[in-house]
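Remarks on the structure that follows.
Excluded from the calculations below are hydrogen atoms, water molecules and symmetry mates; all remaining heavy atoms, backbone and side chain alike, are included. Chain letters run A, B, ... following the sequence lines, proteins first, then strands; residues in each count from 1.
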Amino acid sequence: MKAIVDCNSFYCSCERLFEPQLDQKPVVVLSNNDGCIISRTDEAKALGVGMAGPYFKAKNVIEQNSVSVFSSNYNLYGDLSRRVMQTLKEMVGENNVEVYSVDEAFLSLGEFANSNSDQLAMDIRKTVERWTGIKVSVGVAPTKTLAKLANYLAKKDKAITDCVTVLDTQQKIIHALKITDVKELWGVGRQYADKLKGLGICTAWDLYNLSEEWAHRCLGGVVGVRLIKELHGEESIIMEKELVNKKMIATTRMFGAPVASLNDIKEAVATYTSRAAEKLRRQQSAASVINVFVVPKEPSQTGRFRHGPSIGSHSILSTPSALTQDLIKPALQIAERIYEQGRSYKKAGVILSGLVPDNSIQANLFEPPSKNMGRYLMEMMDNINFSMRNDVVKFASSGTKRNWKMRQEFHSPRYTTRWEELYEVH
DNA sequence: TCTGGGGTCCTAGGACCC
DNA sequence: TCTGGGGTCCTAGGACCC
């Protein structure tokens with residue numbers, strides 16, 4: 001049996017942990033740049049605050065109902081996430097936990113669940129809450145896709161389920177499929193949902209009854225086949241062992257306000273490159289390809305604001321590198337190349353790919369001393385920036401004025417990861 | 001006026017090779 | 001001049017996830 005453990009309104013729950021007077025009160029957390037609502041509590045949902053909707057559209061409702069608003073505080077959420085995952089590992093064994101996202105983990109229950117899945121699932125839910133203060137929902141079923149379905153049902157009707165749903169018999173599974181809209185299934189997004197609806201396939205049960213051959217033809221090839229198999233209880237999406245290294249590392253941001261000057265664009269690109277290079281060194285990789293892109297301000301013709309047209313170009317490094325200074329140089333050259341005088345831009349990004357293990361440590365002996373200096377410099381910068389304040393030490397090309405910096409008007413303290421912001425009890 | 005920031009996998013098609 | 005039937009590798013783009 002598989003389980004999925006999913007934190008309820010995770011970012012909001014993290015904020016509430018340090019402001020307990022907000023329990024039972026509506027809370028929302030905004031995306032970077034305070035643009036979208038990316039987490040909301042049940043109370044906010046009941047007021048009609050949309051998920052993943054733009055903040056400005058919900059602003060009236062939010063102000064009229066005194067909804068508490070926070071900018072996203074990823075230092076805090078990341079730390080609390082680690083505590084939740086650690087709890088799960090202690091309960092079912094490290095090797096049986098697959099961290100799927102910051103607020104979700106799959107568990108392989110194996111023999112733990114043979115007799116009493118309900119009891120085990122409830123035990124997990126209660127223990128995580130007791131140890132970390134974070135409420136979670138648990139779904140249990142034979143496959144990951146069905147476990148996700150169970151979890152969806154657990155969250156949908158918390159008063160009845162107490163945040164736990166177990167689908168351990170064929171009858172329960174069939175009933176769950178029949179009462180669930182096909183668009184709620186894991187692996188069915190907007191495009192497929194619309195397509196399926198058009199064909200008269202409305203419930204998960206309707207999809208269950210289609211053949212693998214049909215899914216291969218109409219639902220993205222092998223991806224669709226896996227979905228059908230999973231619904232039938234056949235494990236087709238396997239558990240990943242340990243968190244493997246990223247194959248691509250990106251740092252991209254909207255600007256706080258549109259940016260027109262090349263200088264500001266270059267500062268932003270240098271800053272994002274530094275951040276991406278830090279992530280690169282953290283997983284001990286080096287990059288061989290660097291991609292820089294900008295998104296002009298003009299609204300997209302398609303009306304889809306998300307995947308608006310971006311203008312970018314890439315550069316291939318002669319030697320893969322993890323040193324910020326090696327990456328900033330080509331990044332800035334690309335920025336100059338793609339920038340057009342007279343336009344203004346709302347976003348820029350840096351993507352590192354072609355990642356390989358960073359073997360420059362071993363190569364040290366054979367390198368000129370200047371290269372070794374580069375490594376020491378990086379280590380020192382990373383350590384200082386990690387233990388003190390972000391960007392105490394940075395490259396001059398990152399700038400000091402930061403005209404492009406994103407908006408964050410409602411930021412809470414990093415209670416658990418910065419000494420000077422520790423929660424105080426008087 | 002104001003709409004995030006990451007990631008993954010898969011497929012099709014082109015370039016190139018023998 | 002005629003010209004088959006494989007392979008592989010890479011990239012762009014589409015779909016999905018949180």
Side-chain angles (χ1 to χ4, degrees), chain A residues 4-7 9-11 28-39 50-60 62 71-72 74 77-78 81 98-106 144-145 148 151-152 183-196 215-227 230 236-238 240 243-258 272 275-276 279 283 288-289 291 293 295 297 299-300 302-310 312-314 316 344 346-355 406-409:
Chain A
I4 176 89
V5 179
D6 184 327
C7 303
S9 309
F10 181 53
Y11 296 169
V28 299
V29 172
L30 305 181
S31 63
N32 272 336
N33 222 28
D34 295 344
C36 284
I37 293 163
I38 52 173
S39 180
M51 182 65 171
Y55 172 49
F56 72 89
K57 278 192 184 169
K59 211 164 179 177
N60 274 339
I62 285 173
S71 300
S72 31
Y74 293 108
Y77 311 151
S81 170
E98 179 195 338
V99 177
Y100 179 64
S101 76
V102 68
D103 71 331
E104 280 181 57
F106 285 103
K144 282 185 169 181
T145 305
K148 287 285 258 184
N151 189 270
Y152 164 76
K183 73 172 192 289
E184 307 297 346
L185 287 175
W186 191 47
V188 177
R190 257 287 304 268
Q191 307 293 320
Y192 288 164
D194 289 350
K195 182 173 180 180
L196 291 167
H216 191 276
R217 202 157 20 85
C218 303
L219 230 47
V222 302
V223 181
V225 174
R226 282 204 290 248
L227 176 54
E230 285 260 317
S236 305
I237 303 174
I238 48 150
E240 300 292 339
L243 211 52
V244 287
N245 280 351
K246 306 258 184 274
K247 299 170 178 174
M248 154 196 136
I249 286 173
T251 301
T252 72
R253 294 277 182 284
M254 300 278 299
F255 301 133
Y272 302 163
R275 191 74 55 247
K279 298 183 196 172
Q283 69 167 41
S288 46
V289 178
N291 202 298
F293 69 88
V295 179
K297 183 173 177 291
S300 72
T302 62
R304 296 201 305 163
F305 95 91
R306 271 268 183 95
H307 298 284
S310 69
S313 182
H314 72 272
I316 298 172
S344 68
K346 60 177 184 184
K347 178 176 184 172
V350 173
I351 303 173
L352 303 177
S353 56
L355 306 191
M406 65 189 182
R407 285 189 301 272
Q408 286 207 316
E409 293 175 24

**OP:** Using only side-chain N and O atoms of A:S31, determine if any of them is under 4.0 Å from OP1 or OP2 of B:dG5.
**Re:** no
Subject >> Contact under 4.0 Å: A:R226 side-chain N or O vs B:dC10 OP1/OP2 >> reply: yes
Original post:
Looking at C:dA15, C:dC18, B:dC2, which one has an atom nearest to any side-chain atom of A:Q191?
Top reply: C:dA15
Original post:
If we take the P atom in both C:dC18 and B:dT3, what is their distance in whole Å?
Top reply: 25 Å
**OP:** Starting from C1' on C:dC18, measure out to CG on A:N32 and report it in whole angstrom.
**Re:** 15 Å
Original post:
Between A:R407 (side chain) and A:G256 (backbone), is there a donor-acceptor pair under 3.5 Å?
Top reply: yes
Original post:
Nearest to the side chain of A:M248 - B:dG4, B:dC2, B:dG7?
Top reply: B:dG7
**OP:** Tell me what A:L30 touches on the nucleic acid: a base, only sugar-phosphate, or nothing, going by heavy atoms under 4.0 Å.
**Re:** nothing
Original post:
Do A:T251 and A:K279 touch side chain to side chain, with heavy atoms closer than 4.5 Å?
Top reply: yes
Original post:
What is the pairing partner of C:dC18, taking Watson-Crick or G-U wobble pairs with both distances under 3.5 Å in any strand?
Top reply: B:dG5
Subject >> Nearest-nucleotide comparison on DNA chain B, the residue closer to the 5′ end among A:T252 and A:K57 >> reply: A:K57
Original post:
Quick one: A:H216 NE2 to B:dT11 C1', roughly how many Å, whole number?
Top reply: 10 Å
**OP:** Rounded to the nearest angstrom, tell me the gap between atom NE2 in A:H314 and atom P in C:dA12.
**Re:** 7 Å
Original post:
Using a cut-off of 4.0 Å on non-hydrogen atoms, how would the nucleic acid contact of A:N33 be classed: base, sugar-phosphate, or nothing?
Top reply: nothing
Original post:
When you match A:A250 and A:G35 each to their closest nucleotide on DNA chain B, which lands nearer the 5' end?
Top reply: A:G35
**OP:** Determine the contact category for A:T251: base if any of its heavy atoms lies under 4.0 Å from a base atom, sugar-phosphate if only primed atoms, P, OP1 or OP2 are that close, otherwise nothing.
**Re:** sugar-phosphate
Subject >> Chi angles and distances behind the salt bridge (charged side-chain N to carboxylate O under 4.0 Å, His left out) call for A:E98, A:K144 >> reply: CA-CA 11 Å; A:E98 179 195 338; A:K144 282 185 169 181; 2.8 Å; yes
**OP:** Check every atom of C:dC16, B:dG7, B:dT3 against the side chain of A:K279 and return the nucleotide holding the closest atom.
**Re:** B:dG7
**OP:** State, with a plain yes or no, whether a side-chain heavy atom of A:K247 is found less than 4.5 Å away from one of A:L355.
**Re:** no
**OP:** Choose from C:dA15, C:dC18, B:dT3 the nucleotide whose nearest atom is closest to any side-chain atom of A:Y100.
**Re:** C:dC18
Original post:
Going by distance alone, is a donor N or O of one side chain under 3.5 Å from an acceptor N or O of the other, for A:T145 and A:E230?
Top reply: yes
Original post:
OP1 or OP2 of B:dG6 sitting under 4.0 Å from any side-chain N/O of A:K246?
Top reply: no
Original post:
For A:I237 and C:dC17, what is the distance between atoms CD1 and P respectively, to the nearest whole Å?
Top reply: 10 Å
Original post:
Between A:K148 and C:dC18, is there a side-chain N or O to OP1/OP2 distance below 4.0 Å?
Top reply: yes
Subject >> Between B:dC9 (P) and A:W186 (CH2): distance, integer Å >> reply: 12 Å
Original post:
Using a cut-off of 4.0 Å on non-hydrogen atoms, how would the nucleic acid contact of A:V102 be classed: base, sugar-phosphate, or nothing?
Top reply: nothing
**OP:** With heavy atoms under 4.0 Å as the rule, sort A:I37 into base, sugar-phosphate or nothing.
**Re:** nothing
**OP:** May I have the distance from A:D194 (atom CG) to C:dG14 (atom C1'), rounded to whole angstrom?
**Re:** 15 Å
Original post:
Given side chains that start at C-beta, do those of A:L30 and A:E409 come closer than 4.5 Å, heavy atoms only?
Top reply: no
Original post:
When the distance from OH of A:Y74 to P of B:dG7 is rounded to whole Å, what number comes out?
Top reply: 12 Å
Original post:
Among the nucleotides B:dG7, C:dA15, B:dC2, which one has an atom lying closest to any side-chain atom of A:K297?
Top reply: B:dC2
Original post:
With a non-hydrogen cut-off below 4.0 angstrom, is A:D103 in contact with a base, only sugar-phosphate, or nothing?
Top reply: sugar-phosphate
**OP:** Rounded to the nearest angstrom, tell me the gap between atom CG in A:N291 and atom C1' in B:dG5.
**Re:** 16 Å
Original post:
What do you reckon, are the aromatic ring centroids of A:Y100 and A:W186 less than 6.0 Å apart?
Top reply: yes
